Amino acid sequence: MDNIESVTIKKMTPEDIDGIIAIESQAYGEHHWSKDSFINELHNELARYYTLFNEAGVITGYAGTWHILDEAHITNIAVSADHRRKHYGEALLKRVIDDCYLEMIKYITLEVRLSNTPAINLYSKYGFSSFGTRKGYYQDNNEDALIMWTKNIFFDEYKLPYEKMVKELEGKINIK
């Protein structure tokens, strides 16, 4: 069996933001978040932001959420283009969901581009379902966004499949 790659996910710090901006720009083009937006999010009491480092210690992904009462809204998850399809995005999503369990957040929501099939497939795999669209949501090309939600993550109907997926993920990547 091949060696399992290791990644480290930590709370985002101001020192991470330049690396994050490079990924943000690559993922979202000219309509990406600014450095100031990320700095502001680090001071937002509702926000939780994480940075993913590969084995070489290079920033290769990030994720952010807002926790509002018993709901979490995923604001962004992105992985650098040369590190996609290595389960990094899945590792970040796991971190977000695990934090929701720790903070007693029951529901998780997000918007995703209708054309982003890999992301939609990942979210669907992790129990997110479509609940409509936001017309013209994305400013760069006026693309619609798919609105996705989980059921209550504390119910066995969600939690048991989640625990199984986490075991499978842990066989593919070591998350520190």
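The structure displayed is predicted, hence computed values, not measured ones. Start at 1 with the first residue, then count along the sequence.
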Worksheet item: Does any N or O in the side chain of Thr60 come within less than 3.5 Å of the main-chain N or O of Phe53, such that one atom is a donor and the other an acceptor?
Response: no
Residues pairing under side-chain hydrogen bond (donor to acceptor under 3.5 Å, both in side chains) where one sits in residues 159-171, two or more places apart or in two chains, turn out to be Asp98-Tyr162
Contacts of Phe154 meeting side-chain contact (heavy atoms from CB on, under 4.5 Å) (sequence neighbours excluded), chain-then-number -> Tyr101, Met104, Lys106, Asn152
Residues at least two apart in sequence or cross-chain that pass side chain to side chain donor-acceptor pair (under 3.5 Å) with Ser115, listed by chain then number, are Glu143
Applying salt bridge (Lys or Arg N to Asp or Glu O under 4.0 Å) to Asp70 and not counting sequence neighbours gives none
Taken in chain and number order and not counting sequence neighbours, the residues that satisfy side-chain contact (heavy atoms from CB on, under 4.5 Å) with Ala78 are Ile23, Ala27, Tyr28, Tyr62
Sorted by chain and number, sequence neighbours left out, side chain to side chain donor-acceptor pair (under 3.5 Å) with Asp82 holds for Ser80
For Lys151, the side chain to side chain donor-acceptor pair (under 3.5 Å) test, sequence neighbours excluded, returns Glu157
The side-chain contact (heavy atoms from CB on, under 4.5 Å) partners of Leu46 (sequence neighbours excluded) come to Asn44, Ile68
Correct closest heavy-atom pair for Leu92 and Gly61 would be CD1-C, 4.0 Å
Rounded to the nearest 0.5 angstrom, the CH2-CD1 distance for Trp66 and Ile74 is 12.5 Å
NE2 of His87 to CD1 of Ile4, rounded to nearest 0.5 Å, is 10.0 Å
Here the gap from Ser124 atom OG to Tyr126 atom OH, rounded to the nearest 0.5 Å, amounts to 12.5 Å
Sequence neighbours excluded, the answer for side chain to side chain donor-acceptor pair (under 3.5 Å) partners of Thr8 is none
Residue pairs passing the salt bridge (Lys or Arg N to Asp or Glu O under 4.0 Å) test with at least one member in residues 124-138, sequence neighbours excluded, are Glu90-Lys125, Glu111-Arg134, Lys135-Asp144
Greater than 12 external heavy atoms within 6.0 Å of Lys10's NZ:
no
Q) CG of Leu160: more than 12 outside heavy atoms within 6.0 angstrom? A) yes
*asked:* Under 6.0 Å between ring centres: does that hold for Phe128 and Trp149?
replied: no
By side-chain contact (heavy atoms from CB on, under 4.5 Å), Thr13 pairs with (sequence neighbours left out) Glu15, Asp16
Residues pairing under salt bridge (Lys or Arg N to Asp or Glu O under 4.0 Å) where one sits in residues 32-60, two or more places apart or in two chains, turn out to be Asp18-Lys35, Arg48-Glu103
